[in-house]
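Quick notes on the structure that follows.
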Amino acid sequence: MPELPEVETTRRGIAPYLEGREIREVIVRQRRLRLPVPEGLENALIGMRIGALSRRAKYLILPIDAAPGDAAPDDAAPDSVASGAVGAGDGIWLEAKPRQALLWHLGMSGSLRIARLGDPPKKHDHVDLVMEDGAILRYHDPRRFGFLDWLEGDGDRRLAKLGPEPLSPAFDDERLFQCSRKRRLAVKPFLMDNAIVVGVGNIYAAEALFLAGIDPRRAAGQISRERYVRLTAAIREVLAAAITQGGTTLRDFVSGTGEPGYFAQRLNVYGRNGEPCRRCGRELRLVTLGQRASVFCPSCQT
DNA sequence: ATTTGACCCTGCATGC
DNA sequence: TGCATGCAGGGTCAAA
């Protein structure tokens, strides 16, 4: 389900129900996700307050602060606080109580939704964060490839080696071109490498390559600078458009508030093997690259 | 060092 | 109807 646009859609959908609210109760029905849910998470979260949600690649980050009313212990050890995270205007209580954060990844089939007090959990609803006003952040994940963990401070190893955000200025065609030199890997799995650029999964890699007119099987190192200019623009374009449409709903993706995404109807190649190309009418072909299905137009993509 | 393959897990579509 | 098979939005790790 979730690539960058779906994670971003989720973040925007759930943020208004969480930010600045206190966690009243935590229910973990299934600890065995891709990583086990940390021991003691429930107690550590109760009474805490959720800060401003952010996203890095396909990870959601939920800052966890002590609630304003809490008296911080005098001897609170200022351990793994990210330096600079506790800045002016963040609130006086943060000085004494270290700020922490949850790192949440949705894997292949995970989703986060806002439920209401009394909504019965369904199968595969593994974790609930119940807020003070009765809103519930509910994690659903049939395949359990996702996880929920404490962020390991500033230099979390899971975030440390990530490439640039595709919608930020740090992602530019010159860098993409330079990274590709001497790479024999096919360009599609190259784009899906998180060290190169983050957030581009199987759907949007295929779509961006179609927009740029590049054959996904072509070796990354044998594509011209000029074509990387087009590809960079295509990646930005397709991700931004997908966010605007609320993501791609294939079978069950919904935003945090339950809306499906409407980008599926804009897909040019993903999932359309055997169907006619929207540009030239020729039949779209399927190949496997890096063990992932890759549909493309043999006429428009060279 | 780069690249490939196996693996984590369940649900669904397909074909017999 | 039941059963077996293959495939699915991601990421990590070991081995080639």
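Each chain gets a letter, A, B and so on, in the order its sequence line appears, and its residues count up from 1. Quick caveat: nothing in here was measured; it's all calculated off a predicted structure.
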Validation: residues 289-298 of chain A side-chain donor-acceptor distances under 3.5 Å, sequence neighbours left out:
| residue | atom | partner | partner atom | Å |
| --- | --- | --- | --- | --- |
| Ser294(A) | OG | Lys188(A) | NZ | 2.8 |
| Ser294(A) | OG | Arg292(A) | O | 3.0 |

Could you state the [atom1]-[atom2] distance from [X] to [N], rounded to the nearest angstrom?
X: Asn273(A); N: dT14(B); atom1: CG; atom2: P; result: 14 Å
X: Phe263(A); N: dG9(C); atom1: CZ; atom2: C1'; result: 14 Å
X: Arg55(A); N: dG10(C); atom1: CZ; atom2: C1'; result: 15 Å
X: Arg292(A); N: dC7(C); atom1: CZ; atom2: C1'; result: 11 Å
X: Glu6(A); N: dG9(C); atom1: CD; atom2: C1'; result: 7 Å
X: Leu103(A); N: dG10(C); atom1: CG; atom2: C1'; result: 14 Å
X: Arg158(A); N: dG10(C); atom1: CZ; atom2: P; result: 19 Å
X: Tyr204(A); N: dG10(C); atom1: OH; atom2: C1'; result: 14 Å

With sequence neighbours excluded, what pairs up with [X] under the side-chain contact (heavy atoms from CB on, under 4.5 Å) test?
X: Gln222(A); result: Ala219(A)
X: Pro36(A); result: none
X: Arg181(A); result: Phe177(A), Gln178(A), Tyr228(A)

Which part of the nucleic acid, if any, lies within contact of Asp141(A), taking any heavy atom under 4.0 Å across all strands shown: a base, the sugar-phosphate backbone alone, or nothing?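 Nothing, no nucleic acid heavy atom in range.
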Please report the distance separating the P of dC9(B) from the corresponding atom of dC3(C), rounded so that it comes out in whole Å.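 It comes out at 23 Å once rounded to the nearest Å.
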What interatomic distance, in whole Å, is found between P of dG5(B) and the corresponding atom of dC7(C)? 14 Å
In the 5'-to-3' direction, what one-character label does each nucleotide of nucleotides 2-10 of chain B receive under the scheme B = base within less than 4.0 Å of a protein heavy atom, S = sugar-phosphate only, - = no such atom? SSSB--BBB
Decide whether Asp215(A) and Thr302(A) meet the rule of one side-chain donor and one side-chain acceptor closer than 3.5 Å.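 No, because no side-chain N or O of Asp215(A) sits under 3.5 Å from a partner of the opposite role on Thr302(A).
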Would you say Tyr270(A) and Thr248(A) are linked by a side-chain donor-acceptor pair, where the criterion is simply a distance under 3.5 Å? no
Sort and list the pairs that fulfil salt bridge (Lys or Arg N to Asp or Glu O under 4.0 Å) and have at least one residue in [range], not counting sequence neighbours.
range: residues 107-130 of chain A; value: Arg29(A)-Asp128(A), Asp128(A)-Arg138(A)
range: residues 221-247 of chain A; value: Glu174(A)-Arg225(A)
range: residues 55-64 of chain A; value: Glu8(A)-Arg55(A), Arg55(A)-Glu165(A), Arg56(A)-Glu165(A)

For dG11(C) and Lys58(A) - does any side-chain N or O of the residue sit under 4.0 Å from the phosphate oxygens OP1/OP2? yes
Would you say His105(A) reaches dG11(C)'s phosphate, i.e. side-chain N/O to OP1/OP2 under 4.0 Å?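 Answer yes for this pair, as a side-chain N or O of His105(A) is under 4.0 Å from OP1 or OP2.
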Take Asn202(A) and Tyr59(A), find for each the nucleotide of DNA chain C with the closest heavy atom, and name the residue whose nucleotide sits nearer the 5' end. Asn202(A)
Residues touching DNA chain B, which here means a heavy atom under 4.0 Å, drawn from residues 159-168 of chain A: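 Contacts with DNA chain B under 4.0 Å: none.
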Note, DNA chain B 5' to 3' with Watson-Crick or G-U pairs under 3.5 Å encoded as ( ), [ ], | and . gives .|||||||.|||||||
Under 6.0 Å between the ring centres of Tyr139(A) and Trp104(A)? yes
Check: residues 276-285 of chain A side-chain donor-acceptor pairs under 3.5 Å, at least two apart:
| residue | atom | partner | partner atom | Å |
| --- | --- | --- | --- | --- |
| Arg278(A) | NE | Leu267(A) | O | 3.2 |
| Arg278(A) | NH2 | Leu267(A) | O | 2.6 |

Quick one: salt bridge (Lys or Arg N to Asp or Glu O under 4.0 Å) partners of Glu42(A), sequence neighbours excluded?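 So Glu42(A) forms a salt bridge (Lys or Arg N to Asp or Glu O under 4.0 Å) with Arg31(A).
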Between dG9(C), dG11(C), dT12(C), which nucleotide has the shortest distance from any of its atoms to the side chain of Met108(A)?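 Among the listed nucleotides, the one closest to the side chain of Met108(A) is dG9(C).
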